[in-house]
Amino acid sequence: MASLSPASKVYIRPSSELVALLRQPQTQKAIANLRAFTSPPTNYYKCPLTRRAAVLILLFADKKGDLRVVLTIRSAGLKNYAGQAALPGGKADTLQETPFMTARGEAFEEIGLAMNDNQLPVGYEVEHLTELPANLAMTELGVRPCIAYLKTPPPSPRNRDPDAARDLLPKLDAKEVAAVFTAPFYNFLRDKDLDPQTQKTVPGEWYKGSWHSWHETAWRMHQFFVPVSPATVFHADSKPRAARNADERPPESTGANTPAKSANGKSLPGKPSQSSLQPSLPRSFYSIAGDALHQPRYRVFGMTARILVDAARVAYGEEPEYEHNSHFGDEEMMDRLLKIGRLGPKRKDGEILTRDVMMEAAKAKM
């Protein structure tokens, strides 16, 4: 962004303060949209305790006034989903706690985000904005996304230049993750890096997507490759412990979402018209090649990517540039599975969502 001086005919780059000021209306509108969003009735509370989980989408405004979201990299030593990017979160401990209580508690366990605002750096606050429809994980776990906003205080004698990335994130006690990093929130609606400099200097691309068949249903697998730098990624100082429930974090979603939508928002009946339908993803797709922490970009995919896409759709009132599934979460699927006796308190050995199970659920009376 630059302005042309008529007198000198030279470009004058605006100050960072002016850029931030110009971007604030978009950020303020996004926060207002999230505050105003009312999630439809959820099946989360119909699930037994052992099937309840929540994740925290923690947003904050950077120095430019743009929203960023906090994510983690799971420890390489964990049994499940090692090295994968994830939102802070995990399973509920009691039936009395709300999804936000679960998400905030798990964020404390994993990244050290204080449970109370008075324990944060002076002036910072966490506002619970809204919750999204529940997603269904592969282990038939109902995962409720909770969105919160980390408010940065205005300049004061105590802190003349507040910066959430500097003041808070490096001080997080990353006990159950290998790293904490941040990503540009609005970019989850785009198929390329929004920052031209990033496009030029960081190898790799921002987005890859493909349609896959899940029990004869078309669903979209999103992959985002988030550029990282010393200013946006913070490694844990010590080895993660064999965590209390580090392997109980919500696994990736089934991804069974219908109907599908193209970039212009039109429904895609059956097989998508603009993309070939690929077979089910191999197990190797979920593994990380090389050292996950020493890559120029961190891969965000599966349920985490889908949740971030849906959150950005609500916040900015826009549809993605790429093809995607149209509805939010898996509430209807969860309802149908509950009606046929699935999602019980105990998961039986070998219990998976087969084609026969899904056909039975499809016939359930709603």
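Model, not experiment: these values are computed from the prediction.
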What's the separation between atom [atom1] in [X] and atom [atom2] in [Y], rounded to the nearest 0.5 Å?
X: D195; Y: D66; atom1: CG; atom2: CG; answer: 10.0 Å
X: I111; Y: F234; atom1: CD1; atom2: CZ; answer: 11.5 Å
X: L150; Y: L67; atom1: CG; atom2: CG; answer: 11.0 Å
X: M333; Y: R336; atom1: CE; atom2: CZ; answer: 10.0 Å
X: I31; Y: E127; atom1: CD1; atom2: CD; answer: 7.5 Å

Side-chain donor/acceptor of [X] to backbone N/O of [Y], under 3.5 Å:
X: R68; Y: D62; result: no
X: D330; Y: N135; result: no
X: R158; Y: V122; result: no
X: T304; Y: A86; result: no
X: R52; Y: C47; result: yes
X: D193; Y: E205; result: no
X: R342; Y: L337; result: no
X: R166; Y: D161; result: yes
X: E125; Y: K151; result: no
X: R74; Y: Q84; result: no

What closest approach, in Å, do [X] and [Y] show between heavy atoms, and which atom pair accounts for it?
X: N33; Y: G317; result: ND2-N, 4.4 Å
X: A92; Y: L49; result: O-CD1, 3.6 Å
X: E323; Y: H222; result: O-CE1, 3.6 Å
X: L87; Y: E110; result: O-OE1, 4.4 Å
X: P88; Y: T72; result: CG-CG2, 4.1 Å
X: I57; Y: I307; result: CD1-CG2, 3.5 Å

Mind checking what makes ring pair (Phe, Tyr, Trp, His ring centres under 6.0 Å) contact with Y298, not counting sequence neighbours?
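By the ring pair (Phe, Tyr, Trp, His ring centres under 6.0 Å) rule, Y298 matches F181.
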
I'd like to check the ring pair (Phe, Tyr, Trp, His ring centres under 6.0 Å) partners of Y186; sequence neighbours left out, ordered by chain and number.
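Ring pair (Phe, Tyr, Trp, His ring centres under 6.0 Å) list for Y186, sorted by chain: Y316.
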
Does [X] belong to the same Ile/Leu/Val/Met/Phe/Trp/Tyr cluster as [Y], with side-chain heavy atoms less than 4.5 Å apart forming each link?
X: Y207; Y: L71; answer: yes
X: V233; Y: L308; answer: yes
X: Y45; Y: M334; answer: no
X: Y44; Y: V55; answer: no

I need the single residue from P145, S39, P99 that forms a side-chain contact (heavy atoms from CB on, under 4.5 Å) with L132. Which is it?
P145

Name of the residue among P121, P155, P154 meeting side-chain contact (heavy atoms from CB on, under 4.5 Å) with P162:
P155

Any luck finding a side-chain donor-acceptor pair between E331 and N43 under 3.5 Å?
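Yes.
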
Can you name the residues that form a salt bridge (Lys or Arg N to Asp or Glu O under 4.0 Å) with D167, not counting sequence neighbours?
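Salt bridge (Lys or Arg N to Asp or Glu O under 4.0 Å) check on D167 returns nothing, list empty.
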
Residues which pass side-chain hydrogen bond (donor to acceptor under 3.5 Å, both in side chains) with K192, listed by chain and number, not counting sequence neighbours
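So K192 forms no side-chain hydrogen bond (donor to acceptor under 3.5 Å, both in side chains) with any residue.
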
What residues, two or more places apart in sequence or in another chain, satisfy side-chain hydrogen bond (donor to acceptor under 3.5 Å, both in side chains) together with R51?
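For R51 the side-chain hydrogen bond (donor to acceptor under 3.5 Å, both in side chains) partners, ignoring immediate neighbours, are E351.
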
For the residue pair H235 and H294, categorise the inter-ring angle as parallel (less than 30°), tilted (30 to 60°) or perpendicular (more than 60°).
perpendicular

Please work out whether the ring planes of H212 and W219 are parallel, tilted or perpendicular, with thresholds of 30° and 60°.
tilted

Does a sphere of radius 6.0 Å around NZ in K208 hold more than 12 heavy atoms from other residues, nucleotides or ligands, not counting ones at 6.0 Å or beyond?
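Result for NZ/K208: open.
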
Who pairs with T130 by side-chain contact (heavy atoms from CB on, under 4.5 Å), at least two apart in sequence or on another chain?
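Counting only residues at least two positions away or on another chain, T130 forms a side-chain contact (heavy atoms from CB on, under 4.5 Å) with L34, F37, I147.
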
Are the charged groups of E97 and R104 less than 4.0 angstrom apart, N to O?
no

Between L120 and L113, does a side chain to side chain contact (heavy atoms under 4.5 Å, CB included) hold up when you go through it step by step?
CA-CA 8 Å; L120 294 172; L113 179 68; 4.0 Å; yes

For side chain to side chain contact (heavy atoms under 4.5 Å, CB included), just list the numbers for T152 and Y124, CA-CA rounded to whole Å, side-chain angles, deciding distance to a tenth of an Å, and then say yes or no.
CA-CA 5 Å; T152 302; Y124 284 92; 3.8 Å; yes

Is the shortest heavy-atom distance from the side chain of [X] to the side chain of [Y] under 4.5 Å?
X: R313; Y: H324; value: yes
X: R35; Y: L129; value: yes
X: V126; Y: D117; value: yes
X: K91; Y: L141; value: yes
X: M101; Y: Q96; value: no
X: P184; Y: L194; value: no

Does the pair I340 and V357 meet the rule for a side chain to side chain contact (heavy atoms under 4.5 Å, CB included), with working shown?
CA-CA 9 Å; I340 65 169; V357 171; 4.3 Å; yes

Option among F301, W206, Y322, F225 that satisfies the ring-ring contact (aromatic ring centres under 6.0 Å, His included) test with F188:
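The single option meeting the ring-ring contact (aromatic ring centres under 6.0 Å, His included) with F188 is W206.
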
Quick one: do N325 and W211 satisfy side chain to side chain contact (heavy atoms under 4.5 Å, CB included)? Show the steps, please.
CA-CA 10 Å; N325 294 104; W211 290 101; 3.5 Å; yes

